[in-house]
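Here's the structure we're looking at; comments come further down.
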4 protein chains.
Amino acid sequence: MIVKSEALTARGKRTRSALVQAGREAFEEQGFDAVRVDDVCARAGVSHGTFYTYFSGKEALFTEVTSAVMGEMFAANVVGSLAPGDPRARIEAANRLYLRAWAANSRMVRMLEQAAAGDDRFRALLLEVREVFVRRGADGLRRLQEQGLADPSLDPRLTAIMLGGMVEHFAHVWLDLGEQADEETAVALLTKLWARAIGLTPTSITEVAP
Amino acid sequence: MIVKSEALTARGKRTRSALVQAGREAFEEQGFDAVRVDDVCARAGVSHGTFYTYFSGKEALFTEVTSAVMGEMFAANVVGSLAPGDPRARIEAANRLYLRAWAANSRMVRMLEQAAAGDDRFRALLLEVREVFVRRGADGLRRLQEQGLADPSLDPRLTAIMLGGMVEHFAHVWLDLGEQADEETAVALLTKLWARAIGLTPTSITEVAP
Amino acid sequence: MIVKSEALTARGKRTRSALVQAGREAFEEQGFDAVRVDDVCARAGVSHGTFYTYFSGKEALFTEVTSAVMGEMFAANVVGSLAPGDPRARIEAANRLYLRAWAANSRMVRMLEQAAAGDDRFRALLLEVREVFVRRGADGLRRLQEQGLADPSLDPRLTAIMLGGMVEHFAHVWLDLGEQADEETAVALLTKLWARAIGLTPTSITEVAP
Amino acid sequence: MIVKSEALTARGKRTRSALVQAGREAFEEQGFDAVRVDDVCARAGVSHGTFYTYFSGKEALFTEVTSAVMGEMFAANVVGSLAPGDPRARIEAANRLYLRAWAANSRMVRMLEQAAAGDDRFRALLLEVREVFVRRGADGLRRLQEQGLADPSLDPRLTAIMLGGMVEHFAHVWLDLGEQADEETAVALLTKLWARAIGLTPTSITEVAP
DNA sequence: TATGAATGAGGGTTCATTCAT
DNA sequence: AATGAATGAACCCTCATTCAT
């Protein structure tokens, strides 16, 4: 008797999203295996019987939570694509957004990575999200190459994976492992390294924003 | 009545290392939580009871295994430091060694990352290993800066973290997530990106370091 | 707030009998323990809560259903008693009716047997129904004995139990366990065995019916 | 880590058979569904964890118990076939043995009937046992027919099913439903009914086999 | 040393029943 | 009358660990 989001009374919707929220917090704090269904229920303030009204089990909740997080990551990426300006500014904006998306979702993505090691469905979800970021990075580089602003000999996909990985990995070290750094410094350095790595030609008069 | 490596009969040593080996395989394939002590014993061809002759529990075995892996990572790093040649060649050699070290230990390091999220002792071990790599990268960069071969404005530590992360993360994407690439191409590109990112001045005549 | 059959709106009556019908089907297909109240409600097209408007619980529904079935068995028996004719024809008619009553109710009677093993109320109901059949059989035999048509040394009750059991059991083997046989052959053989077993004297000129 | 009968230490064998014995008692008293694994463990005097050392679950225990019971039924039948003497004496001996086999196993056979309704594996086991009895009865009748001692027009299989069913069913009514009767009377009546039903010719001089 | 039987805390899940709407 | 969300007792099962042999 599992109930989906649709066709729920207001009360049901409230309970369901309380469980999703509680689940997200629990997974982030403890990891998939360490989370007990009862923990989630206690956080959400419902009995454990109620849990099974909405989800078939712990894994189903996890799927729901990760999907939501991945959705946020997608959204962050879309917003980022609106950034205008000269190439360097765009790279900087992208890096900043990327770092912030990670700041919000880092733990859950790591949980997903963990889950992906043992379950192909999670693996597929992970690869799907990753692909969006890779493609966006590769497209950006290709455009610069076409405009003669970046080294045309670089393989766009592989380069995007490597430099994107640099940002993603730094976010992890920074946020999860406690490496000290402030956002401004980090974004500036990431941008400098990225720009130079692709051989970005400084547009003759690089008027920096005031 | 746990027995350490020292003071063991030959038979005891054999049993113990069979358990460590079996444990490593099991952890790599299934992850810490999914591994049951029985799995390890079955792999090692030993009865359950025997396990506790050598280890106080599953966690103790994990500690032992991760320590061994970290030791291999250290060793790889040390070997890498012997590489001679011009800066570019040294960076290339380091990247190649790094990728290979990951090829051998990627899964266990990820397990350690996972364990680090919930246990401070594992966290400390992880940070310790990471520090070795970071320091080596930072030292290398500082030397180049002193020789006037790299951009002196770069923060050595932060830059080493970022570029080292690029390599580490690529190894993960390549080996664990199945991104297609051959080692030569990957090493060449990583090296090119790394070198350009730090503003490496192409040394006209490759004077080997003293 | 359980509502009985009397004093119900038309709508209420419809809902109630939908539940009884759904319950009978469910019990026949799955057995008492395997049936969940939700199954019954789903079959009846009613929400869980509504069930308890009409029945105090699963057992109450079961009681209702079995009572109905037992009623049908009684009715079958009554109809059978109207059969006229010579003794052999009456025995044949009774056997045929008995087999047919089982064809319609076999599963539910078995459920009742099952329930009777653990609950004295069901046991009493079962014995009550059985008694009707036994008594009818014993009375029939006694009449034949008084008429000098059957072996007077037979204990009427015990004989009725044994020969009646033969018919009942055959019905079970035939219908529930899938033994191949057609009704005509079965009824003829049961009648022959029964008649001979009680030492039925062939009435010299048996033709009664017009 | 389920352990079969073979390859067990003496202690293991003791524990295992204690569980089987406890299981049999529990199933007989309460029926499959009502039995809790913990009940069985308590009866056997072991912790519930131990149960799973020997059986994969409740159903596996039930399979084991029913197999044992069916084995006893087989054995009873084999012993019965040794009975010598004139036809009437043989029928009487068979009926007595049959009643006694039921006295010992009645409850478990009913459990099996119950289980057979929902599980084809149990159904197959039930049919297999039943077939042995049917075949034995049919063979006996056929031999009498060939010797000119019984009505040759009777279908041996169907007749055996019906008369065998009479005995089986009486056993149930007698033992499970509490119908009052003593064994001697019951066996004598069953034998008389059976013999007359098949038209057994009284052998003038009852020569017992040497 | 090695064995494997025994233990029991701990966790996931089901489902009859209650109750506010 | 009907609904369906919420409850929690009751069960099944796993597995790390202990211990007698």
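Lettering of chains follows the sequences in order, A, B, ..., and the numbering in each one begins at 1. Side chains included, hydrogens not; waters and symmetry mates left out as well; all remaining heavy atoms used.
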| field | Set of side-chain hydrogen bond (donor to acceptor under 3.5 Å, both in side chains) partners for D38(A), sequence neighbours left out | value | none
| query | Does any non-hydrogen side-chain atom of K13(C) lie less than 4.5 Å from one of R16(C)? | reply | no
| query | Under 4.5 Å between any side-chain heavy atoms of M70(B) and E128(B), yes or no? | reply | no
| remark: Atom CD of E59(C) and atom C1' of dT17(E) are separated, to the nearest Å, by 14 Å
| remark: The nucleotide from dG8(F), dT3(E), dT7(E) with an atom nearest the side chain of V46(B) is dT3(E)
| Test side-chain hydrogen bond (donor to acceptor under 3.5 Å, both in side chains) applied to S67(A) - qualifying residues, sequence neighbours left out | none
| Please give, in whole Å, the distance from dT17(E) P to D38(C) CG? | 12 Å
| said: So, OP1 or OP2 of dA2(F): does either fall under 4.0 Å of a side-chain N or O from T15(C)? | reply: yes
| message | Between E72(A) and R24(A) (salt bridge meaning N to carboxylate O under 4.0 Å), is one present in this structure? | response | yes
| said: By nearest heavy atom, map F51(B) and S47(C) onto DNA chain F; which one lands nearer the 5' end? | reply: S47(C)
| message | I need the CZ-P distance between F55(D) and dC12(F), as an integer number of Å. | response | 15 Å
| task | Would you mind reporting whether E59(D) and D119(D) have side-chain heavy atoms less than 4.5 Å apart? | result | yes
| request: Using a 4.5 Å cut-off on heavy atoms from C-beta on, say whether the side chain of R110(B) contacts that of R110(A). | output: yes
| note | Between CZ of R16(D) and P of dA6(E) the distance, given in whole Å, is 12 Å
| What heavy-atom pair brings V35(C) and A26(C) nearest, and what distance separates the two atoms? | CG2-O, 3.3 Å
| note | Output row for DNA chain E, stems defined as at least 3 consecutive Watson-Crick or G-U pairs under 3.5 Å, is E:2-21 with F:2-21
| task | Apply ring-ring contact (aromatic ring centres under 6.0 Å, His included) to F62(A) and list each qualifying residue two or more places apart in sequence or on a separate chain. | result | F27(A), F32(A), F122(A)
| Pairwise P distance, dT21(F) and dT1(E) [rounded to whole Å] | 22 Å
| said: Does anything in residues 18-37 of chain A come within less than 4.0 Å of DNA chain E? Heavy atoms only, and list the residues if so. | reply: V35(A), R36(A), V37(A)
Can you check nucleotides 18-21 of chain E for protein contacts, nitrogen or oxygen pairs under 3.5 Å, and list what you find?
none

| query | OH of Y54(B) versus P of dT17(F): gap in Å, rounded? | reply | 18 Å
| task | Answer yes or no: is there a side-chain heavy-atom contact under 4.5 Å between V129(D) and V109(D)? | result | no
| message | So H48(B) and V37(B), do their side chains get closer than 4.5 Å, heavy atoms only? | response | no
